[in-house]
Every structure is written in structure tokens, then in C-alpha cells.
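All ligand and atom numbering here is 1-based and tracks the order in the structure.
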Amino acid sequence: MFLLNNIKYKKILDINNLEIKEGKITCIVGESGSGKTTLLRMLNKLISCDSGEIFFRNRLIDEIDSVQLRRNVIMLPQEPAIFSGSIKDNLLIGLKFSEKQEAAEGELQKALKTVYLRKMLDDEADKLSGGEKQRLALARVMLMNPEVLLLDEPSSALDEDTELLIIEKLVNYSCSNNKTLVMVTHSKNIARQFANEVIKIKDGTVTSVEEV
Ligand SMILES: Nc1ncnc2c1ncn2[C@@H]1O[C@H](COP(=O)(O)OP(=O)(O)OP(=O)(O)O)[C@@H](O)[C@H]1O
């Protein structure tokens, strides 16, 4: 799905060759500051490499319109934006950004259930805890139904049990809907348990790609 050749970005990334496969769960692991977020941002064209080539479905990413690309390839950052207003507003805003049809309330409630967020659609989003906000953002992204989900530590604010439940749901959703999931995680356990492939990054270079 993504092919990277001879990528260089500042002094942060230097990747000779990397493939991210369609329909798979790929985990990116590595020390803090090793370049994981930078790599994700590149796949979504939030930043461009200084040299090298990135292909998305055999097309050079530079030649794909950024807005078009981001309808199919959605990134959830480490600290996702939560807007003031209701939970419902926060769910709908993702659909609006990606110019998708508004979802019915039942669908929104289902999305909240998927991330185990037991709140009412009219509740104020500002009042949610950090972990609840993270789950709301995840529900928002899942509703947008992209082909590729780029998730940067999607469970960093969750306790270990909730983390496992959420990632399991996410992985099931991705597998049954043939999504490509690329997830940065600090958790070796999650990578081992759920990934099809684990990419290890150290000081901006890929040190290993393991099939699990
Ligand atoms: N725009 C930028 N300009 C200069 N340096 C940057 C920029 N963005 C990131 N960096 C640096 O690049 C390195 C890699 O950052 P990145 O956020 O990709 O790491 P990470 O592996 O995701 O870290 P963490 O696990 O702590 O989130 C860090 O040293 C960071 O300070």
C-alpha cells in the first residue's frame, strides 16, 4: 500500500526501503524521539521528505492531491483535538471535514460503544477525561471510515485493561472491513499480540521489519 524508497527528512529520518502492506496491522515501535511520528506524518503528506520517494498504491504521493489523500488516509495524532461542544458535535465534525454524509444518531451511539465510551451524545466533550477524549477521537476517526488509519499511540492515555479492549476492537474492525492499520505503540505486548508486521525504528532508521 505504501512503498518508501531512500527517504531522508532533515536529520530525523533515513529510510532505505520500507513497505507497508494493504489490509494488515502494522505496528511501529522504537524509543522516544526515534522518528515514529515523523514517519506517520509523511504517509499522510503532513510533511514531505527532503529526498526519496513515497508511493501510495503505486502512485507517487507528491502527485496525489493532499485533501484527496487524507480522505483515504487519516491520521489520529497523539493528542487529538477535541472541540468545545457536545460529543455528538465532535463525532460529526470528522464527517464534515471529510465531506461525508452526516450519520444518524444510532450510528453515532454505536461508535461510542465501540470505544466503550458510556456517555450521552449531548454530554459536553470538554468535561471528558484524557482517556475518554482519546476514545472519542478514535470513534470520530472510525466513523470517517478511511481505507488507512494512521494512529499515533492511540491508547497512551488509557489504563492497561481498557487499552487492550480498545485495541482489540480496533483490530477486529480493521480486519473485518479490510482496513490498513498503521499504529505507533509503546506497548511491546500490543505489537506482539495484534500486529501482522512490526517495524522497529532507531535513530530515524528502520532496524527491523518482522512478520508476527
Ligand atoms: N519539525 C521538526 N523540526 C525539527 N525537529 C523535529 C521536528 N519534528 C520532530 N523533530 C525531532 O525529530 C525527532 C523525532 O521525533 P518524532 O516525534 O518523530 O519521534 P517519536 O519516535 O514519535 O517520539 P515519541 O515516542 O516521543 O512520540 C525528535 O528528536 C524531535 O525532536
Do Thr185 and Glu153 have side-chain atoms, one donor and one acceptor, less than 3.5 Å apart?
no

For ligand 1, the portion of Thr37 having any non-hydrogen atom under 4.0 Å away
both

Heavy atom of Glu31, distance to ligand 1 below 4.0 Å:
yes

Could you tell me if Asn90 and Lys133 have a donor-acceptor pair between their side chains, going purely by distance under 3.5 Å?
no

Could you list the donor-acceptor pairs under 3.5 angstrom formed by side chains in residues 112-122, with sequence neighbours left out?
unit_1, atom_1, unit_2, atom_2, d
Thr114, OG1, Lys110, O, 2.8

Take atom 30 (C) of ligand 1 and look for protein heavy atoms under 4.0 Å from it; say yes if you find one, no if not.
no

In terms of residue, atom name and distance, what is the protein heavy atom nearest to atom 15 (O) of ligand 1?
Thr38 OG1, 3.7 Å

Atom 28 (C) of ligand 1 [closest protein heavy-atom partner, distance rounded to 0.1 Å]
Gly33 O, 3.9 Å

Would you call Lys21 and Glu197 a salt bridge, using N to O less than 4.0 angstrom?
yes

Can you see which heavy atom on Leu150 is nearest to which on Leu40, and at what distance?
CD1-O, 3.6 Å

Using heavy atoms and a 4.0 Å limit, tell me yes or no: is Gly35 in contact with ligand 1?
yes

Counting from 1, what ligand 1 atoms have a heavy atom of Ile12 closer than 4.0 Å?
5 (N), 6 (C), 7 (C), 9 (C), 10 (N), 11 (C), 12 (O), 13 (C), 14 (C)

Atom 23 (O) of ligand 1 within contact range, any protein heavy atom under 4.0 Å
yes

Using distance alone, decide if ligand 1 has a nitrogen or oxygen within less than 3.5 Å of any nitrogen or oxygen in Glu153.
no

Below 3.5 Å, N or O to N or O, backbone or side chain included: is there any such pair between Ser34 and ligand 1?
yes

Test Glu19 against every option in Val209, Leu3, Asn5 by the side chain to side chain contact (heavy atoms under 4.5 Å, CB included) rule and name the one that passes.
Leu3

Look at atom 25 (O) of ligand 1 and say which protein heavy atom is nearest, naming residue and atom and giving the distance to 0.1 Å.
Lys36 NZ, 2.7 Å

Among Ile64, Leu18, Leu60, Ile7, which residue satisfies the side chain to side chain contact (heavy atoms under 4.5 Å, CB included) criterion with Ile54?
Ile7

For Gln78, is the nearest heavy atom under 4.0 Å from an atom of ligand 1?
yes

Shortest protein heavy-atom distance from atom 26 (O) of ligand 1, along with the residue and atom involved
Ser32 OG, 2.7 Å

Could you walk me through whether Glu147 and Arg71 pass the salt bridge (charged side-chain N to carboxylate O under 4.0 Å, His left out) check?
CA-CA 8 Å; Glu147 286 174 61; Arg71 269 191 207 130; over 6 Å; no

Does the plane of the ring in Phe97 sit parallel, tilted or perpendicular to the ring in Phe83? Use 30° and 60° as the thresholds.
perpendicular

